[in-house]
**Q** 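Provided herewith is a single structure, encoded as structure tokens, for subsequent inquiry.
Below, all heavy atoms of this structure are taken into account, side chains as well, without hydrogens, waters or symmetry copies.
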Amino acid sequence: MQTSTQHHSDTSFTIFKPKWRAHFYKFLSVNVWGAIPSDIQRAISSWYAAIYNSKWSKFIIQPYIRINYRDNNYLSNFKPPNGKKEFETFQDFFTREFKLIPTNENDVVWPCEGLLCEENKVSRLRHVKVKNDLRTIDTVFGLKEKTIPKQYSFTNVFLHNKNYHRIHAPISGTITRIQHIPGDLIVLRPWIYKQNPSLPAFRNERYNIDITDNNDTIWYLSIVGGPAVGTIELDDKITVGAQVKKLNELALFHLGSTCCMAAPVSPRFNSKNTFVALGESY
């Protein structure tokens, strides 16, 4: 795989602030959409996602770039997925690949790009009420309570539609667990949940991947889907027992996503509500 020290990211996006909008969207997401059975949510989401797989959707790409990116040549840093010669649909744009993956000499890097909407020690995170059940942060990763050491740091990166939607390994190590958790597909945008920006990670469909590093320390990742997510697709090479190097691809999203991580160290260069980029120092 070719690599580059250059970062061609435009990670920032606008976050709306009015409280009434947050309350309104939370009500729609949790109380209305969230009350629909999960299988029906997925069926509706698959239908919606199919729009972006249609041939005509490719005409959305250039207007979308002009509206959402400062650099009109942003797409020149990427290539179509799956060996295609051109972007044939908007979904191709959404699942774009870097021509040159960023590199970093540090041992730990960010696995994706987006808004760091939550960052705290596991010991400081509150229980979250989901459908009348109190759940700890271990629930996100499909683990029993108190499995994750309390000194670990929990981070949640929300990937906006404009962000690069592939998830990469933050460290080198061995894949020691892969778990699929079916669930809801409530809205991911963290600012509508106020004190619980990670609420969707507790109840939405997700893939959990554990990576054990060379010091036998486990890094927990949770790749969380949302509305209109047709698929969370793991890379073919990502299997239990597989060796991964830092920045190897783990998974991709077909529309919408959040990436949570429980790590033995805290971020050194980013704080809550800042934007992070793939391959930047953690």
Side-chain angles (χ1 to χ4, degrees), residues 1-15 48-106 108-116 157-170 188-189 223 225-226 228-238 244-259 269-270 274-282:
M1 178 185 295
Q2 288 184 303
T3 58
S4 170
T5 56
Q6 299 297 314
H7 291 267
H8 300 291
S9 298
D10 186 350
T11 59
S12 62
F13 49 83
T14 302
I15 301 172
Y48 179 75
I51 296 173
Y52 294 100
N53 286 310
S54 61
K55 294 295 183 181
W56 65 265
S57 67
K58 69 179 180 181
F59 298 109
I60 302 175
I61 298 174
Q62 287 304 323
Y64 188 86
I65 290 173
R66 287 195 294 271
I67 293 171
N68 290 284
Y69 301 92
R70 290 166 291 185
D71 181 5
N72 288 336
N73 294 316
Y74 169 82
L75 198 56
S76 64
N77 301 306
F78 300 88
K79 60 183 180 181
N82 305 319
K84 292 184 178 181
K85 294 183 179 180
E86 60 181 25
F87 294 92
E88 299 174 357
T89 66
F90 190 82
Q91 190 69 266
D92 285 347
F93 165 72
F94 200 83
T95 57
R96 60 194 177 274
E97 300 178 24
F98 268 106
K99 289 180 178 177
L100 299 173
I101 296 293
T103 59
N104 192 319
E105 296 300 321
N106 286 342
V108 186
V109 297
W110 285 106
C112 58
E113 70 174 44
L115 174 69
L116 180 58
V157 177
F158 165 68
L159 285 69
H160 186 273
N161 289 342
K162 68 171 284 187
N163 291 133
Y164 169 77
H165 272 75
R166 292 175 183 263
I167 309 300
H168 294 249
L188 293 169
R189 282 165 170 73
I223 302 166
V229 176
T231 308
I232 302 172
E233 184 178 321
L234 298 187
D235 188 275
D236 292 340
K237 298 178 182 178
I238 301 307
V244 293
K245 293 183 178 180
K246 181 185 64 181
L247 285 171
N248 281 171
E249 185 178 316
L250 299 179
L252 67 86
F253 287 96
H254 294 263
L255 299 175
S257 55
T258 282
C259 182
F269 304 104
N270 295 91
T274 61
F275 294 97
V276 302
L278 172 72
E280 286 187 339
S281 297
Y282 172 79

**Q** Could you tell me which non-hydrogen atom of L247 sits nearest to which non-hydrogen atom of G279, and how far apart they are?
**A** CD2-CA, 3.9 Å

**Q** Return the OG to CZ distance between S54 and F59, rounded to the nearest 0.5 Å.
**A** 10.0 Å

**Q** Any side-chain heavy atom of F275 within less than 4.5 Å of one from L116?
**A** no

**Q** Where do I167 and F253 land on the side chain to side chain contact (heavy atoms under 4.5 Å, CB included) test, with the steps shown first?
**A** CA-CA 8 Å; I167 309 300; F253 287 96; 3.8 Å; yes

**Q** Listed by chain and number, what are the salt bridge (charged side-chain N to carboxylate O under 4.0 Å, His left out) partners of R66, not counting sequence neighbours?
**A** none

**Q** Can you give me the closest heavy-atom contact between I232 and G225, atom names plus distance?
**A** CD1-N, 3.6 Å

**Q** How long is the span from the CG atom in L115 to the CZ atom in R189, to the nearest 0.5 Å?
**A** 11.0 Å

**Q** Say whether, by atom type as modelled, one donor and one acceptor occur between the side chain of R166 and the main chain of R96 under 3.5 angstrom.
**A** yes

**Q** Main chain of F90, side chain of S57: is a donor-acceptor contact present, judged purely on distance under 3.5 Å?
**A** yes

**Q** Run the numbers on N106 and Y282 for side chain to side chain contact (heavy atoms under 4.5 Å, CB included), then give the verdict.
**A** CA-CA 8 Å; N106 286 342; Y282 172 79; over 6 Å; no

**Q** Checking K237 now: which residues fulfil side-chain contact (heavy atoms from CB on, under 4.5 Å) with it, not counting sequence neighbours?
**A** D235

**Q** Tell me, with the steps shown, if L75 and F87 meet side chain to side chain contact (heavy atoms under 4.5 Å, CB included).
**A** CA-CA 10 Å; L75 198 56; F87 294 92; 3.7 Å; yes

**Q** Using a 4.5 Å cut-off on heavy atoms from C-beta on, say whether the side chain of H160 contacts that of T11.
**A** no

**Q** What heavy-atom pair brings P80 and K85 nearest, and what distance separates the two atoms?
**A** CG-C, 3.9 Å

**Q** Could you tell me whether the side chain of Y52 reaches within less than 4.5 Å of the side chain of T89, counting heavy atoms only?
**A** no

**Q** Rounded to the nearest 0.5 Å, how far apart are CD of E86 and CD1 of I61?
**A** 9.5 Å

**Q** What is the distance from atom NZ of K84 to atom OG1 of T95, rounded to the nearest 0.5 Å?
**A** 7.5 Å

**Q** Tell me if a side-chain donor or acceptor on Y64 pairs with a main-chain N or O of K162 at a distance below 3.5 Å.
**A** yes

**Q** Locate the shortest heavy-atom distance separating F94 from N161; write the atom from each residue and the value.
**A** CE1-O, 3.4 Å

**Q** I'd like to know if the side chain of T274 reaches the main chain of N270, judged simply by a donor and an acceptor atom lying under 3.5 Å from each other, with no hydrogens or angles considered.
**A** no

**Q** Is there a donor-acceptor pair closer than 3.5 Å between any side-chain N or O of H165 and the backbone N or O of N163?
**A** yes

**Q** Would you sort out whether K58 and D92 count as a salt bridge (charged side-chain N to carboxylate O under 4.0 Å, His left out), showing the intermediate values?
**A** CA-CA 8 Å; K58 69 179 180 181; D92 285 347; over 6 Å; no

**Q** Using a 4.5 Å cut-off on heavy atoms from C-beta on, say whether the side chain of N68 contacts that of Y74.
**A** no

**Q** Do any pairs count as a salt bridge (charged side-chain N to carboxylate O under 4.0 Å, His left out) and have a residue in residues 67-83, sequence neighbours left out, and if so which ones?
**A** D10-R70

**Q** List the atom of N72, the atom of I65, and the distance in Å for their closest heavy-atom pair.
**A** O-CG2, 4.0 Å

**Q** V244 and L250: which non-hydrogen atoms are nearest, and at how many Å?
**A** CG1-CD2, 4.5 Å

**Q** Name all residues meeting the side-chain contact (heavy atoms from CB on, under 4.5 Å) criterion together with K246; count only those two or more places apart in sequence or in a different chain, and write none if there are none.
**A** V109, S172

**Q** Is I51 close to W56 at the side-chain level, that is, under 4.5 Å between some pair of heavy atoms?
**A** yes

**Q** Look up atom CG in L159 and atom OG in S257, then write down how far apart they are to the nearest 0.5 Å.
**A** 4.0 Å

**Q** Enter the distance from L278:CG to I101:CD1 here, rounded to the nearest 0.5 Å.
**A** 6.5 Å

**Q** Regarding S281 and N104, is there a side-chain donor-to-acceptor distance under 3.5 Å anywhere?
**A** yes

**Q** So, using ring pair (Phe, Tyr, Trp, His ring centres under 6.0 Å) as the criterion, who are the partners of Y164 when residues are at least two apart?
**A** F98, H168

**Q** Evaluate the side-chain proximity of I60 to F93: yes if any heavy-atom separation is below 4.5 Å, no if none is.
**A** no

**Q** Please identify each residue that fulfils salt bridge (charged side-chain N to carboxylate O under 4.0 Å, His left out) with K245, with sequence neighbours left out.
**A** none

